[in-house]
Engineer: 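The structure's right below; bear with me while I get my questions together.
All values below were derived from every heavy atom in this structure, side-chain atoms included, with hydrogens, water molecules and symmetry-related copies excluded.
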Amino acid sequence: MNESFNNENPQEQQGMAEAVIPQKSSFIPEGQKEVKEAAFEEVAEELTQKGLRYMVRLHDEKTPRPETSHLRKHPVGMLERAAPLAEILHVIPRERGILHMGISWHDTIIEFDHADPEDLLAMLKRHRGAREGDEPKKKEGNEAESARLLIDEMRRANDRAEAAGKKKIFSEEDIWIVEWEIAATYPAVAMGPDLKGASFAAYPYYEVALEQNPALKELFTELEGQGITKGPFFFQPHLEKPLEEGVEVPRGVLITALVDLGAAGLGSAQEFFREGDDEMRELYENLRRPDAVRRLRENDEERDRDDREKVMQAFAKWLDTQVGFTAWQALRFEKIVYLLKQHNRISPEEEEGVRGRFSHFIDNVRATLARAKELKAKAESIKTTAGEREAFLYLARSMHYEI
C-alpha cells in the first residue's frame, strides 16, 4: 500500500454505518411462501414504476432549468444494464425486486446549490450524502433522502397489508438492503494534493489491477507516454470499504453501484461520450440559460469573444479529464473484482460473465483520448480559417449543446 496516497485519499475518511445483517425470516410453509412472494413481486414492481414516475415529475418536467443527465433515462438505463448482471450473478427474484426499487428511487432527490449567476463557468453543487462522514451533507444528503422516500413507501405498503389482515410485504432486511443499495451510489472524489487529479500509480491497487488484467499495463504505458498519469478519481466508499473489510455485500448493492457510473465500462464510446456531455451540461448550469446561449451564439463584443474563449477552454479541459476519469474506473473495476475473489464472493464463471459486460474500459479510454485530440484540433483549425465564434459553435455542438 502507498502510504502517501492513503493520506490524501478522502476514501479513508468516509464514515461507514456498521453493517449488521438482520436475522433471516423463520420457516414459511410452501403454499404461504408462494402467496407472499407473489405479493412481494407485485408491490415491488409497483414501487419501481412509482420511482420512475417521480423522476419524471421531479426532474424531466422540472422548470425553469431541467436536468440533462439525471432524468428518467438514467435509472431506466441502469435497470437495462443491471438485468444481465443479475442473471450472471444468480440474483434470485426477491433480491431482483429490491434491486429494481433501489435503482428507480436512488436519484429521486437531487438538491443542489445553484451556480453563481455572475460566473458563467460556475458549476452547481449537489447535496451529496448518504451517511455520516459523507461530503457535503452527510446523512442529510440526496442519497439519504432518496432512500428515505423509498423506505417510507415500503413501510406504507406493509401497513396496508397488515390493515387487510395479511403479512408484511417487506422485511427489515429488505429495507436494510435497499438503503445500502442507494447509499452505495454516493460518489466521493480524490483529486490529489494539487487538485489536478489523483495519481494512477499511487493507487494501492494499481499493481494488482495491472497484474490481474495485463491489457491494462499496455494501456497505462500508452497514457504515461502521452503525459497522462492522473485524473479525477470517483469512487463509492459505501461499496468499497465493506469489500475491503471482507463484509458480504448483497449482490443488489454491488450491481446498483456498478451500473450507476454509466457507460465507461458497460457501453460503447458514443454512449459514454453522450453521458459525459450530459453530465457536463447539467453541472455548467449557466451555460444552459437561454440568454447566455443567445449571447454566446450571436453577439460579437469583446466580452462575448472573451467568454467564448473561456468556455472553449472549459470544454477542452472536460474532454481531457474524461480520459483520466475512464482510466480510473478501469482500475476501480479491477479492485472490486480482486476483493470479491479474495473473499470468495464470486465464482470464476461469474467473474467471466461480469468481465464480459464490463468489456469497454480500454477501448473507451483510447476513444475518449482520440476524441479530445480531434475536437480540440478541429476547433483550432476552424478558429484560424473561420473565426473564434465558428470554432466555439463547432465545439459546443460536438458536445451536444443545442446552440
Engineer: Establish, yes or no, whether the cationic atom of Arg371 lies under 6.0 Å from the six-membered ring centre of Phe273 and within 45° of the ring axis.
Structural biologist: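 Flagged: Arg371 positioned over aromatic ring of Phe273.
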
Engineer: Using 0.5 Å steps for rounding, measure from the CG atom of Leu52 to the OG1 atom of Thr108.
Structural biologist: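 Between Leu52 CG and Thr108 OG1, I get 10.5 Å after rounding to 0.5 Å.
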
Engineer: Please indicate whether Gln49 has more than 12 foreign heavy atoms, meaning atoms of other residues, nucleotides or ligands, lying under 6.0 Å from its CD.
Structural biologist: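 Yes.
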
Engineer: How long is the gap from CG on Asn364 to OG on Ser359, to the nearest 0.5 Å?
Structural biologist: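 Nearest 0.5 Å value for the CG-OG distance: 9.0 Å.
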
Engineer: Between Tyr186 and His238, does the ring centre distance come in under 6.0 Å?
Structural biologist: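 For Tyr186 and His238, the ring centres are under 6.0 Å apart.
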
Engineer: Answer yes or no: is there an ion pair linking Asp60 with Lys73, defined by an N-O contact shorter than 4.0 Å?
Structural biologist: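 A salt bridge is absent here (no side-chain N lies under 4.0 Å from a carboxylate O).
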
Engineer: Are His106 and His70 near enough that their ring centres are under 6.0 Å apart?
Structural biologist: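 So the answer is no for these two rings.
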
Engineer: To the nearest 0.5 Å, how far apart are OG1 in Thr68 and OH in Tyr401?
Structural biologist: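 Between Thr68 OG1 and Tyr401 OH, I get 7.5 Å after rounding to 0.5 Å.
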
Engineer: Under 6.0 Å from the CD atom of Glu352, do we count more than 12 heavy atoms belonging to anything else shown?
Structural biologist: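 Open: at most 12 neighbouring heavy atoms sit under 6.0 Å from CD of Glu352.
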
Engineer: Honestly, is Lys378 close enough over Tyr394, meaning NZ or CZ under 6.0 Å from the six-membered ring centre and within 45° of the axis?
Structural biologist: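 Yes, Lys378 lies over the aromatic ring of Tyr394.
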
Engineer: How close do Ile382 and Ala391 get, heavy atom to heavy atom, and via which atoms?
Structural biologist: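 For Ile382 and Ala391, the tightest heavy-atom pair comes out as CG2-N, 3.5 Å.
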
Engineer: Can you tell me how far the OG1 atom of Thr321 sits from the CH2 atom of Trp318, to the nearest 0.5 Å?
Structural biologist: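 The distance works out to 6.0 Å.
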
Engineer: Please report the closest heavy-atom contact between Ile336 and Leu243, naming both atoms and the distance.
Structural biologist: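 Distance-wise, the nearest heavy atoms are CG2-CD1, 4.0 Å.
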
Engineer: Does this structure show an ion pair linking Glu45 with Lys50, if we count only N-O contacts that are shorter than 4.0 Å?
Structural biologist: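 Looking at Glu45 and Lys50, the cut-off is not met.
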
Engineer: Check for me whether the distance between the ring centres of Phe235 and Tyr203 falls short of 6.0 Å.
Structural biologist: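 Centroid distance Phe235-Tyr203: not below 6.0 Å, so no.
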
Engineer: Step through the shown structure and confirm whether more than 12 heavy atoms of other residues, nucleotides or ligands are within 6.0 Å of NZ on Lys139.
Structural biologist: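 Not more than 12 within 6.0 Å, no.
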
Engineer: Are Ile403 and Phe392 packed together at the side-chain level, in the sense that at least one heavy-atom pair is separated by less than 4.5 angstrom?
Structural biologist: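 With C-beta onward as the side chain, the pair touches.
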
Engineer: Any ion pair linking Arg128 and Glu143 (charged N to carboxylate O, less than 4.0 Å)?
Structural biologist: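 Looking at Glu143 and Arg128, the cut-off is not met.
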
Engineer: Counting neighbours of CD on Glu309 that are heavy atoms of other residues, nucleotides or ligands and sit closer than 6.0 Å, is the number greater than 12?
Structural biologist: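 Yes - once you tally the heavy atoms of other residues, nucleotides and ligands closer than 6.0 Å, there are more than 12.
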
Engineer: Which atom names give the shortest non-hydrogen contact between Lys138 and Gly133, and what distance separates them?
Structural biologist: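 Taking Lys138 first and Gly133 second, the nearest heavy atoms are CG-N, 4.0 Å.
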
Engineer: Do side-chain atoms of Asp260 reach the backbone of Ala257 as a donor and acceptor pair under 3.5 angstrom?
Structural biologist: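 Absent.
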
Engineer: Do the charged groups of Glu172 and Arg155 touch, with an N to O distance under 4.0 Å?
Structural biologist: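 Judged by the 4.0 Å cut-off on N to carboxylate O distance, Glu172 and Arg155 do form a salt bridge.
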
Engineer: Can the ring centroids of Phe325 and Phe233 be said to lie less than 6.0 angstrom from one another?
Structural biologist: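 Distance test on ring centres: not under 6.0 Å, no.
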
Engineer: Return yes when atom CD of Glu298 has more than 12 non-hydrogen atoms of other residues, nucleotides or ligands closer than 6.0 Å, and no otherwise.
Structural biologist: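 Yes, CD of Glu298 has more than 12 neighbouring heavy atoms, counting only those of other groups under 6.0 Å.
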
Engineer: Donor-acceptor check, side chain of Glu240 to backbone of Gln236, threshold 3.5 angstrom: yes or no?
Structural biologist: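 Flag set: sc Glu240 to bb Gln236 pair under 3.5 Å.
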
Engineer: Do Arg94's NZ or CZ and the ring of Phe40 fall within the cation-pi criteria of under 6.0 Å and 45°?
Structural biologist: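 So Arg94 does make the cation-pi contact.
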
Engineer: Taking the side chain as C-beta and beyond, is there a heavy-atom pair between Met78 and His74 under 4.5 Å?
Structural biologist: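 SC-SC contact between Met78 and His74 confirmed.
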
Engineer: Measuring centre to centre across the rings, with the benzene-like ring taken for any Trp, is His360 within less than 6.0 Å of Phe358?
Structural biologist: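 Between His360 and Phe358, the centre distance exceeds or equals 6.0 Å.
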
Engineer: Got a sec: does the NZ of Lys166 have more than 12 other heavy atoms crowding it under 6.0 Å?
Structural biologist: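 No.
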
Engineer: Of the non-hydrogen atoms in Leu261 and Gln329, which two are nearest, and what is the gap between them?
Structural biologist: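 Smallest interatomic distance, heavy atoms only, reads CD1-OE1, 3.2 Å.
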
Engineer: Taking the side chain as every heavy atom from C-beta outward, state whether Val249 and Trp180 have any pair of such atoms under 4.5 Å apart.
Structural biologist: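 They are in side-chain contact.
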
Engineer: Got more than 12 heavy atoms from elsewhere within 6.0 Å of CD, Glu222?
Structural biologist: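 Atom CD in Glu222 is crowded, with more than 12 foreign heavy atoms closer than 6.0 Å.
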
Engineer: Is the cationic atom of Arg57 (NZ for Lys, CZ for Arg) positioned less than 6.0 Å from the six-membered ring centroid of Tyr54 and within 45 degrees of its normal?
Structural biologist: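 Yes, a cation-pi geometry.
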
Engineer: Rounded to the nearest 0.5 Å, how far apart are CZ of Phe112 and CG of Asn142?
Structural biologist: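 Going from CZ on Phe112 over to CG on Asn142, the span is 9.5 Å.
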
Engineer: How far does CG of Leu216 sit from CD of Glu211, to the nearest 0.5 angstrom?
Structural biologist: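 Interatomic distance, Leu216 CG to Glu211 CD, rounded to 0.5 Å: 12.5 Å.
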
Engineer: Flag the pair Lys137 and Glu111 as a salt bridge only when some basic side-chain nitrogen lies within less than 4.0 angstrom of an acidic carboxylate oxygen.
Structural biologist: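 Salt bridge between Lys137 and Glu111, a charged N being under 4.0 Å from a carboxylate O: no.
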
Engineer: Would you indicate whether the side-chain heavy atoms of His400 and Met280 approach each other to under 4.5 Å?
Structural biologist: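 No, their side chains stay 4.5 Å or more apart.
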
